[in-house]
Amino acid sequence: MKSLQELTRPNIWALKPYSSARDEYSGKTASVFLDANENPYNAPNNRYPDPLQKELKALIAPVKKVKPEQIFLGNGSDEAIDLLFRAFCRPGIDNVVAIHPTYGMYQVCADINDVEYRKVLLDEKFQFKAEDLLRASDENTKLIFLCSPNNPTGNNLDAKEIITLLREFQGIVIVDEAYIDFSTQPSFIGILDEYPNLVILQTFSKAWGCAAIRLGMAFASPDIIGIFSKIKYPYNINLLTQQEALRMMQRHYEVQRWISTLLEERARLMQAFTQLPCCKKVFPTDANFFLTRVSNAKAIYDYLVDQGIIVRNRSNITRCEDCLRITVGTRPENDALLEALRKYTE
Ligand SMILES: *Cc1c(COP(=O)(O)O)cnc(C)c1O
């Protein structure tokens, strides 16, 4: 890879970050805090939260087998995606490359930041070749976005091709692992130390059952994490979110139970789908959802809405023609879906 300085926007590299009161004094021994213009009443919400979320990172680090300096916490993974553009991509000059179809936020963030977004179509099995992504890139390509298991297709991307990309691409490779807890494939976190151009995204929104608290994680070299920390809002993770995440870290055995249940339900639901007259194909998945090709996606989507059941219509996306994306729910929810579809007539 190029040096981090070459990849980073010059203004960001030179940036002197805002120094908050809690940055300048973060010791534990003081008892009188008259430095941040806070209200002394209404504890604990009166105090600004820890800008670097040290307590939370100290709990996440051993679970993820990384050092706390390799963790960035954001207001959802979406914050980390936006920071990648703001840190590395010069508006109107630089570009990024991504697989297609994939998660829609990469393109939205590219458009917001006025950065060209180059899509490389996945093959019929929703796989890619590293050389195709490399061919789509040039000297101004700063980021390559991968998502594995991929949304909306559900499959893991070929790990060998990801490694080739990490070796050969001169910029930063992002592997979005929002669904990794449901996957049979190991996380790329295990090779973080070998590849300084790797950024892994994970989230509390899916397996951890915490979409409402807005907490995303990025794992990368301490140097990249340092750049994120420098440009993020000083208090990007509020106290309530930090406290709830700390509580969730104590309950991770429960998360494992949810995952096992959802994987069993996923198998049952997919098997039942293959028996439905309206179902043409069920695509393999490693996530808590699956993609299915149906006889008429729009008509079936509308029919389900009438029954009070909402699935995701992905039929206007290339490679997903007439496809619905089905999130695995509780057993009664999945049964309600199956019952409605068994009654469906063209
Ligand atoms: C759901 C999802 C996320 C999570 O985003 P948050 O902002 O953390 O809620 C990230 N990436 C992908 C591919 C997703 O599907």
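Atoms within a ligand are numbered from 1 in the order they appear, just like the ligands themselves.
Nearest protein heavy-atom neighbour of atom 15 (O) of ligand 1: Y179 OH, 2.6 Å. Among protein heavy atoms, the minimum distance from atom 14 (C) of ligand 1 is reached at K206 NZ, 3.2 Å.
Aromatic ring centroids of F273 and F290 lie under 6.0 Å apart. A distance of 6.0 Å or more separates the ring centres of F88 and F85.
Annotation for Y48: atom OH does not count as buried by contact number, only 12 or fewer foreign heavy atoms lying within 6.0 Å.
For the pair R214 and ligand 1, a heavy-atom separation below 4.0 Å is found. For C147, the heavy-atom gap to ligand 1 drops under 4.0 angstrom.
Between the side chains of D193 and Q70, a donor-acceptor pair is found at a separation under 3.5 Å. D181 and Q202 share no side-chain donor-acceptor pair at under 3.5 Å. A donor-acceptor contact closer than 3.5 angstrom is absent between the side chains of D322 and S315. A donor and an acceptor atom, one from each side chain of D286 and N156, are located under 3.5 Å apart.
Heavy atoms of A178 found under 4.0 angstrom from ligand 1 belong exclusively to the side chain. Looking at D78 against ligand 1, both its backbone and its side chain come within 4.0 Å, counting heavy atoms. Contact annotation: for F204 versus ligand 1, there are no heavy atoms closer than 4.0 Å.
On a distance-only criterion, N75 and ligand 1 share no N/O pair closer than 3.5 Å. For ligand 1, the polar-atom distance check finds no N/O of Y106 at less than 3.5 Å from any of the ligand's N/O atoms.
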